[in-house]
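Proteins come first, then strands; the chains are lettered A, B, ... in the order of their sequence lines, and each starts at number 1. Not measured: the values here are computed from a predicted model.
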Protein chains: 2
Amino acid sequence: MSQDARLSRVLHVLIHLSLRNRTMSSAEIAKMLSINPVVVRRMMAGLRDRGYLQTTRGSSGGWYMALELDEITVNDVYEALNEPNLLITGLAHDHPTCPVEASVNDMLNNVNAEAELLVLRRYRATTLADLAQDAMKK
Amino acid sequence: MSQDARLSRVLHVLIHLSLRNRTMSSAEIAKMLSINPVVVRRMMAGLRDRGYLQTTRGSSGGWYMALELDEITVNDVYEALNEPNLLITGLAHDHPTCPVEASVNDMLNNVNAEAELLVLRRYRATTLADLAQDAMKK
DNA sequence: TTTATATGTGATAGTGTTTGTTACATTAGG
DNA sequence: CCTAATGTAACAAACACTATCACATATAAA
């Protein structure tokens, strides 16, 4: 399957929005990411709904930050994207009564759950301010 | 994105092949998994190439184990599937010189790498015999 | 030797998710 | 009013796994 770059893109945008401390239109953001403005609006809608961003319509409207970078974690952004799947490895459920299938799937489920926990733990421990500070050092 | 059930399916098949200790045709395996025989042949080809399985063509041909279950790890099977991607979270590479993008991607890369390492460590530590033994207890 | 039955593999379509694009209603500043 | 922005619906494109058909090749068994 293919991959999902929304988290990477949205984090990038949020930090720029905060550093520039001004409103940016979807078109301006889209050009920055080399993607389509409609895709920008779609992927940022959840962040507006959760109060991390605000938008204004009409002329000279656009997107601006509603919180500081240290008030938002990577996990907050991940959840605002509707918590997309993290892992590709899926389970086959063809013989629900087969103990071999159950044993295989239990193992894969455990491994996936551990990996997911690790990722989410890191997401929760990282604020956007941490990322911005890291960027300053480059 | 959608997910990839090949690892789950192949592990299931290998354990059955070994427990039954006989040749099974692609059609028989396909019925067991409720999938198409051609898909079976394709997803098991790498295992044959690596010597975990053998095939015979012609009448009464099919697939049989070439090794014991305790000689194969989950990681061996994963590699025989050509090491498909484990994680969905991808990186955006639109502004290679932007330090913010670099900082975001470094973080995501580190997290992904750690999660992948965890998964592969578990895959390497688990033999098919472990899974079969676990299935016996159910 | 012929026949039936396998695998091996190319070609093409189906499926689900992200991304691309168009279209248009809605909103708001100048 | 006019311009420029968001909000969304609708639908196509891209991508990977899966489904299916077709057929060459191989081989056991009659």
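- Among the protein residues, B/Ala5 comes within range of the sugar-phosphate backbone only, with heavy atoms under 4.0 Å from sugar or phosphate atoms but none that close to a base.
- Checked options A/Leu67, A/Ile72, A/Asp76; the residue passing with A/Leu128 is A/Ile72 (criterion: side-chain contact (heavy atoms from CB on, under 4.5 Å)).
- With C/dT7, D/dA19, C/dG29 as the choices, the nucleotide that has an atom nearest any side-chain atom of B/Trp63 turns out to be C/dT7.
- For B/Tyr64 and C/dT7, the OH to P distance is 13 Å, given to the nearest whole Å.
- Candidate nucleotides D/dT6, D/dT20, C/dA6 were compared by shortest atom distance to the side chain of A/Ser25, and D/dT6 ranks first.
- Atom CD of B/Glu28 sits in a crowded spot, with more than 12 heavy atoms from other residues, nucleotides or ligands closer than 6.0 Å.
- Closest contact between the side chain of A/Asp4 and the listed nucleotides D/dT18, C/dA4, C/dT19 involves C/dT19.
- Distances shown here put every side-chain N or O of B/Asn36 at or beyond 4.0 Å from the OP1 or OP2 atom of D/dT18.
- At whole-Å resolution of the value, CD in B/Gln3 and P in C/dT18 are 11 Å apart.
- Within the structure, a side-chain polar atom (N or O) of B/Arg9 is placed less than 4.0 Å from OP1 or OP2 of D/dT18.
- Contact annotation for A/Gly61: backbone-only contact, meaning every heavy-atom pair under 4.0 Å involves sugar-phosphate atoms and none involves a base.
- The shortest distance between the side-chain N/O atoms of B/Thr56 and the OP1/OP2 oxygens of C/dT7 is not below 4.0 Å.
- Remark: the B/Arg42 side chain and the D/dT20 base include a donor-acceptor N/O pair separated by less than 3.5 Å.
- In the displayed structure, B/Glu116 atom CD is contacted under 6.0 Å by more than 12 heavy atoms of other residues, nucleotides or ligands.
- Comparing A/Pro84 and B/Ser60 by the nucleotide of DNA chain C whose heavy atom lies nearest to each, the residue mapping closer to the 5' end is B/Ser60.
- For A/Arg41 against D/dT6, no side-chain N or O and base N or O form a donor-acceptor pair under 3.5 Å.
- Among the heavy atoms of the strands lying under 4.0 Å from B/Arg6 are primed sugar atoms or P, OP1, OP2 only; no base atom is included.
- Computed from coordinates, the B/Ile29 CD1 to C/dA6 P distance equals 12 Å when rounded to whole Å.
- Judged by atom type and distance alone, B/Arg57 does not reach the base of D/dT27 through any side-chain donor-acceptor pair under 3.5 Å.
- Among the nucleotides C/dA4, C/dT21, D/dT20, the one closest to the side chain of A/Val38 is C/dT21.
- Taking the nucleotide of DNA chain D with the nearest heavy atom to each of B/Pro37 and A/Ser26, the more 5' of the two is matched to A/Ser26.
- Closest to the side chain of A/Ile35, out of C/dG20, C/dG29, C/dA4, is C/dG20.
- Between A/Ser103 and A/Asp106, the side chains place no donor N or O within less than 3.5 Å of an acceptor N or O (distance only, hydrogens not considered).
- Other residues, nucleotides and ligands place more than 12 heavy atoms under 6.0 Å from the CD atom of A/Glu71.
- Taking side-chain N and O atoms only, A/Thr55 has no distance below 4.0 Å to OP1 or OP2 of D/dA5.
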